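Structure first, then comments.
Both backbone and side-chain heavy atoms feed into the values below; hydrogens, waters and symmetry mates do not. Since we're looking at a predicted model, the values are computed, not measured. Numbers restart at 1 for each chain; the letters A, B, ... are given by sequence-line order, proteins then strands.
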There are 2 protein chains.
Amino acid sequence: MTAKKQNNGSTEAQIKEAARRVFTSKGFAATRTRDIAEESGVNLALINYYFRSKENLYNIIMVEQVQLFLHSVSGILNDPHTTLFTKLELAIDHYIDMLIDNPGLPIFVMNEVNNNPEKLVERVGFSNHNAGQLYIAKQWAEMTFSGEIQPIHPIHLISNVVSLTVFPFIAAPLLRNRSGLSVTEYNELMKQRKALIPHWISTILTTPGPDTQNNKQS
Amino acid sequence: MTAKKQNNGSTEAQIKEAARRVFTSKGFAATRTRDIAEESGVNLALINYYFRSKENLYNIIMVEQVQLFLHSVSGILNDPHTTLFTKLELAIDHYIDMLIDNPGLPIFVMNEVNNNPEKLVERVGFSNHNAGQLYIAKQWAEMTFSGEIQPIHPIHLISNVVSLTVFPFIAAPLLRNRSGLSVTEYNELMKQRKALIPHWISTILTTPGPDTQNNKQS
DNA sequence: GTTAATTTTAATCAAATGATTAAATAAGTT
DNA sequence: AACTTATTTAATCATTTGATTAAAATTAAC
């Protein structure tokens with residue numbers, strides 16, 4: 001809570017960085033503008049002077065954080081020169097590094113996703129980040145057609161990759177508490193997952209599904 | 001937001017049920033005691049009359065919800081008469097049904113886990129719900145020793161099962177929006193996962209790990 | 001160096017909010 | 001019915017909180 005990190009930029013940047021820290025850790029409703037003022041070591045009135053309102057400041061931070069969370073791997077997934085599995089490896093590697101650096105990011109974004117889905121869609125440019133138009137989607141379709149990988153509903157595939165990568169960070173405080181692992185030890189396990197998750201996904205994609213016909217594409 | 005569900009119990013029960021709905025959907029900080037009064041169709045002062053304070057009421061709700069989320073499958077996982085894979089199937093089946101009925105539960109609990117881990121551990125009886133002492137843990141150890149399943153760090157295994165089961169509900173509003181699926185269609189996919197997740201976990205557990213030695217037990 | 005514009009500060013405002021109170025109503029007891 | 005206890009209500013309180021203001025301090029312009 002005591003920071004006043006000498007954010008060697010302008011006052012505006014100091015406020016914004018402090019706001020990012022406070023908003024992402026406590027959420028909009030629990031954050032007081034006075035918290036941000038204190039965290040940035042700046043007079044309360046300057047928050048309104050530079051950002052007009054708490055809500056406006058929050059929206060700026062929120063959009064940036066959602067972009068960071070959702071769009072940071074689109075380059076990797078859209079590269080025409082790598083295989084599907086290489087893309088998965090690179091994207092998961094990048095994601096786990098980012099999550100170790102920003103452990104509060106997923107829960108922040110997921111709260112926004114759950115509480116204000118409309119606002120989120122409205123304020124964040126989703127247009128060009130349509131999963132179905134990425135190069136990896138084309139590769140997946142071709143590999144499915146050729147029989148290289150088993151058919152699977154794309155929502156299941158995406159859910160699996162994102163779940164296995166992101167959820168352990170959301171549940172980290174609980175899993176650490178139950179297992180007695182330190183932050184460092186837990187993060188080491190997360191780094192192991194950089195290799196494990198692609199392997200597990202590959203295993204899932206190359207092993208025929210269960211007897212029921214549920215895993216057919218619709 | 002307009003409910004006043006004629007909760008045919010006492011005023012106290014009406015307030016509690018309304019509080020559960022409001023707290024789980026908006027969280028503690030964003031909830032006004034007046035919201036709860038309106039949602040339960042009851043005079044504002046009765047909240048303090050029956051529950052002393054907003055915080056006290058929240059703690060009651062929170063503990064109940066966390067218990068529901070964390071302890072609802074311990075019976076299944078501790079049954080000495082079922083196999084490990086049967087336990088997985090039953091637990092995941094039960095969980096997915098519960099999550100379809102309570103889609104806001106995971107994000108509520110995960111927020112508490114992330115914001116007040118100490119309070120949560122203090123107020124929720126964790127003592128008897130130590131994963132390592134459940135019957136399923138014994139079975140897992142035996143099957144690993146006998147070579148029936150591949151060695152894997154228990155945190156990875158638990159993470160995988162819970163991630164694959166729970167996260168798609170946390171990300172549901174986003175995934176529905178991106179895919180254009182309705183709530184019903186999306187829930188159908190979730191029901192498919194009752195069979196798919198056990199199958200995927202089984203596949204993971206019976207396929208040798210990647211070349212790196214990361215998946216050895218420590 | 002003087003003036004104008006920008007930034008910072010302390011004080012203050014109005015609305016929101018959790019909680020309390022005293023009176024009114026309902027329920028229970030004899 | 002008479003009396004006591006429990007519940008409900010409208011009004012009110014004291015804080016908190018987002019925002020504003022006017023003056024002071026600093027920086028920029030000429």
Could you please name the option among [options] that lies closest to any side-chain atom of [X]?
X: A:Tyr49; options: D:dT7, C:dT8, C:dT20; value: C:dT8
X: B:Leu46; options: C:dA19, C:dG18, D:dT8; value: D:dT8
X: A:Ala45; options: D:dG18, D:dT20, C:dA19; value: D:dT20
X: A:Asn43; options: C:dA10, D:dT8, C:dT7; value: C:dA10
X: B:Leu44; options: C:dA19, C:dT8, D:dG18; value: C:dA19
X: A:Tyr50; options: D:dA19, D:dT17, C:dT7; value: C:dT7
X: B:Asn48; options: C:dT20, C:dT8, C:dG18; value: C:dT20

[X] side chain to [Y] main-chain N or O, any donor-acceptor pair under 3.5 Å?
X: B:Gln65; Y: B:Met62; value: no
X: B:Ser202; Y: B:Pro198; value: no
X: A:Asn114; Y: B:Ile170; value: yes

Aromatic rings B:Phe23 and B:Phe28: how do their planes relate, parallel, tilted or perpendicular, breaks at 30° and 60°?
parallel

For C:dT8, does either OP1 or OP2 sit under 4.0 Å from a side-chain N or O belonging to A:Thr11?
yes

side-chain N/O B:Thr33 vs C:dT17 OP1/OP2, d < 4.0 Å:
no

Ignoring hydrogens and angles, are the base of C:dG18 and the side chain of B:Arg34 linked by a donor-acceptor pair under 3.5 Å?
yes

Report the distance from atom [atom1] of [X] to atom [atom2] of [N], rounded to the nearest whole Å.
X: B:Lys54; N: C:dA19; atom1: NZ; atom2: C1'; result: 12 Å
X: A:Arg52; N: C:dT7; atom1: CZ; atom2: C1'; result: 19 Å
X: B:Arg32; N: D:dT16; atom1: CZ; atom2: P; result: 15 Å
X: B:Glu12; N: D:dT7; atom1: CD; atom2: P; result: 9 Å
X: A:Glu55; N: C:dA16; atom1: CD; atom2: P; result: 14 Å
X: B:Ile47; N: D:dT7; atom1: CD1; atom2: P; result: 16 Å
X: B:Phe51; N: C:dT20; atom1: CZ; atom2: C1'; result: 18 Å
X: B:Asn56; N: C:dG18; atom1: CG; atom2: P; result: 15 Å

So A:Lys191 and A:Leu196, side chain to side chain contact (heavy atoms under 4.5 Å, CB included) or not? Walk me through it.
CA-CA 9 Å; A:Lys191 286 183 196 158; A:Leu196 291 169; over 6 Å; no

